[in-house]
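Structure, as structure tokens:
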Amino acid sequence: MNLENYFISQFKNAHIGDDGALIGSSVYSKDAFFEDVHFKKKWMSYYQIAAKAMTVNISDAIAMNAKPKYALLGVAMPKSMTMREMRELASGFEDTAAKYGVEIIGGDTIGNIKLDITITIISQTDKPLRRQGLKHGYLVAYTGELGRSAKELRRLTNLGKIHKNSKFVNIKLREKFVSRASRYLKCGMDISDGLFSDLKKLSSANGLGFNFYKRIPKRVGCSGEEYEMLFGFDKRDKKALQRVAKLCRTPITIVAQSARKHYKNRCKAHHF
């Protein structure tokens with residue numbers, strides 16, 4: 001067990017284990033976005049930093065087929081920040097929240113030696129999509145293309161440049177696909193830690209492993225911060241799901257079939 005999983009295991013209740021905590025019809029989720037852990041200020045503008053921080057938090061709501069409604073911000077910022085930079089940061093939060101119909105209702109600010117952001121999203125759902133629900137023989141697939149986020153991160157760490165529409169900066173969530181395909185999706189989550197790591201979470205939640213249809217390169221399977229959807233479904237719904245994906249202009253790749261076997265994550269833990 002890695003340190004992150006060990007720490008989470010200290011808190012035992014029925015609400016822990018999904019992208020957010022489902023209580024009644026409400027979903028509560030929270031993620032951190034810290035300078036020198038998730039980003040460097042030389043890589044992104046203050047607007048882009050705020051926009052990405054908000055987007056990755058909203059991703060947890062989308063992954064549970066929930067409609068994000070409200071946001072609480074926690075912002076620790078350097079005292080050296082100018083009022084112009086603060087306005088730019090605020091605009092990034094506001095514009096991204098408005099794009100998804102989210103209202104920022106409060107939070108907290110504090111002085112710090114660097115820029116650290118945490119956001120709580122409160123969402124509503126009539127049909128929650130959870131990590132549990134995968135059965136033996138179900139197909140497992142993901143949306144979009146994987147591997148670009150890690151590739152662009154390597155470019156940045158090697159002092160290179162990336163396009164303003166790069167996946168590392170400009171994340172595309174799959175809310176339309178999740179909503180329209182919800183009747184066929186048996187389990188799901190967003191890919192934030194990498195395909196292989198997040199398959200491990202599905203494996204643990206359902207007590208199943210996977211038979212893969214093709215070999216996936218480690219550089220693709222371990223690419224984190226992709227924020228694509230990972231989901232399982234009954235193979236009888238394959239054609240119907242592919243039709244929905246086509247209507248939503250969302251490419252999907254069927255990567256494996258669930259099986260009664262052990263699954264081992266090939267990626268190193270990276271949160272600690």
Side chains of Y263 and L199, heavy atoms from C-beta outward: is any pair under 4.5 Å?
yes
Check this for me: K201, atom NZ, are more than 12 non-hydrogen atoms of other residues, nucleotides or ligands nearer than 6.0 Å?
yes
Could you tell me the separation between the OG atom of S59 and the CG atom of D19, rounded to the nearest 0.5 Å?
7.0 Å
State, yes or no, whether a side-chain contact exists between I191 and T143 at a heavy-atom distance under 4.5 Å.
no
Will you find, in the side chains of E88 and S91, an N or O donor that is under 3.5 Å from an N or O acceptor?
no
Taking C-beta and beyond as the side chain, do L173 and T55 meet within less than 4.5 Å on heavy atoms?
yes
Qualifying residue for side-chain contact (heavy atoms from CB on, under 4.5 Å) with L146, from T253, L230, L195
L195
Between K41 (side chain only) and E35 (backbone N and O only), is there a donor and an acceptor less than 3.5 Å apart?
no
Side chain to side chain contact (heavy atoms under 4.5 Å, CB included) partners for M86, two or more places apart
M77, M81
Measure from the side-chain N and O atoms of N206 to the backbone N and O of R131, and report whether any donor-acceptor pair falls under 3.5 Å.
yes
Residues, nucleotides or ligands: over 12 heavy atoms within 6.0 Å of K135 NZ
no
Do Y184 and D234 get their side chains close enough for a donor-acceptor pair, meaning under 3.5 Å?
no
Has N57 got a side-chain atom pairing as donor or acceptor with D31's backbone, closer than 3.5 angstrom?
yes
Beyond-backbone contact of F210 with L202, side-chain heavy atoms, under 4.5 angstrom:
yes
Treating Ile, Leu, Val, Met, Phe, Trp and Tyr as nodes and any side-chain heavy-atom pair under 4.5 angstrom as an edge, say whether V140 and Y213 lie in one connected cluster.
no
So, D36 and K40, do they make that salt bridge, N to O below 4.0 Å?
yes
Can a donor-acceptor pair be found, under 3.5 Å and without considering hydrogens, that links the side chain of Q48 to the backbone of S45?
yes
Taking NZ in K114 as the centre, count heavy atoms belonging to other residues, nucleotides or ligands within less than 6.0 Å. Is the count above 12?
yes
Is the distance from the ring center of F233 to that of Y138 below 6.0 Å?
no
Would a 4.5 Å heavy-atom cut-off, applied to side chains only, mark I58 and V56 as touching?
no
Counting C-beta onward and ignoring hydrogens, is there a side-chain heavy-atom pair between S203 and L208 closer than 4.5 Å?
no
Any side-chain to backbone donor/acceptor pair from N65 onto K127? Under 3.5 Å, distance only.
yes
Could you check whether E103 pairs with K69 (Lys NZ or Arg NE/NH1/NH2 to Asp/Glu carboxylate O, under 4.0 Å)?
no
For I23, look at atom CD1 and say whether over 12 heavy atoms of other residues, nucleotides or ligands are found less than 6.0 Å away.
yes
So if I apply the side-chain contact (heavy atoms from CB on, under 4.5 Å) rule between V75 and each of N112, L115, I110, D108, which one comes out positive?
L115
Between K235 and D237, is there a side-chain N and carboxylate O pair less than 4.0 Å apart?
no
Closest heavy-atom pair, S123 versus A61, reported as atoms and distance to 0.1 Å, is OG-CB, 3.1 Å
Assess whether atom NZ of K12 is packed by more than 12 heavy atoms of other residues, nucleotides or ligands within 6.0 Å.
yes
Hey, does the side chain of S179 reach the backbone of E175 with a donor-acceptor pair shorter than 3.5 angstrom?
no
Please indicate whether E94 has more than 12 foreign heavy atoms, meaning atoms of other residues, nucleotides or ligands, lying under 6.0 Å from its CD.
no
Is it possible for you to check whether K52 lies under 6.0 Å from the centre of the six-membered ring of F168, through NZ or CZ, and within 45° of that ring's axis?
yes
Using atom types as modelled and distance alone, determine if a side-chain donor or acceptor of S223 lies under 3.5 Å from a backbone N or O of R219.
no
With a sphere of 6.0 Å drawn around NZ of K30, does it hold more than 12 non-hydrogen atoms of other residues, nucleotides or ligands?
yes
Validation row: F231, I252 side chains within 4.5 angstrom (heavy atoms):
yes
Please walk me through it: do Q124 and S26 pass side-chain hydrogen bond (donor to acceptor under 3.5 Å, both in side chains)?
CA-CA 5 Å; Q124 293 289 317; S26 297; 2.7 Å; yes
Please round to the nearest 0.5 Å and tell me the distance separating atom CE of M189 and atom CG of D198.
3.5 Å
Quick one: pull up CD1 in I171 and OG in S149 and give me the separation to the nearest 0.5 Å.
7.5 Å
Is there a donor-acceptor contact under 3.5 Å from the side chain of N158 to the main chain of G160?
no
Can you name the residues that form a side-chain hydrogen bond (donor to acceptor under 3.5 Å, both in side chains) with T125, not counting sequence neighbours?
none
Can you find a heavy atom in the side chain of L241 that is under 4.5 Å from one in the side chain of F177?
yes
If you measure from the Lys or Arg side-chain nitrogens to the Asp or Glu carboxylate oxygens, is any gap between K167 and E152 under 4.0 Å?
no
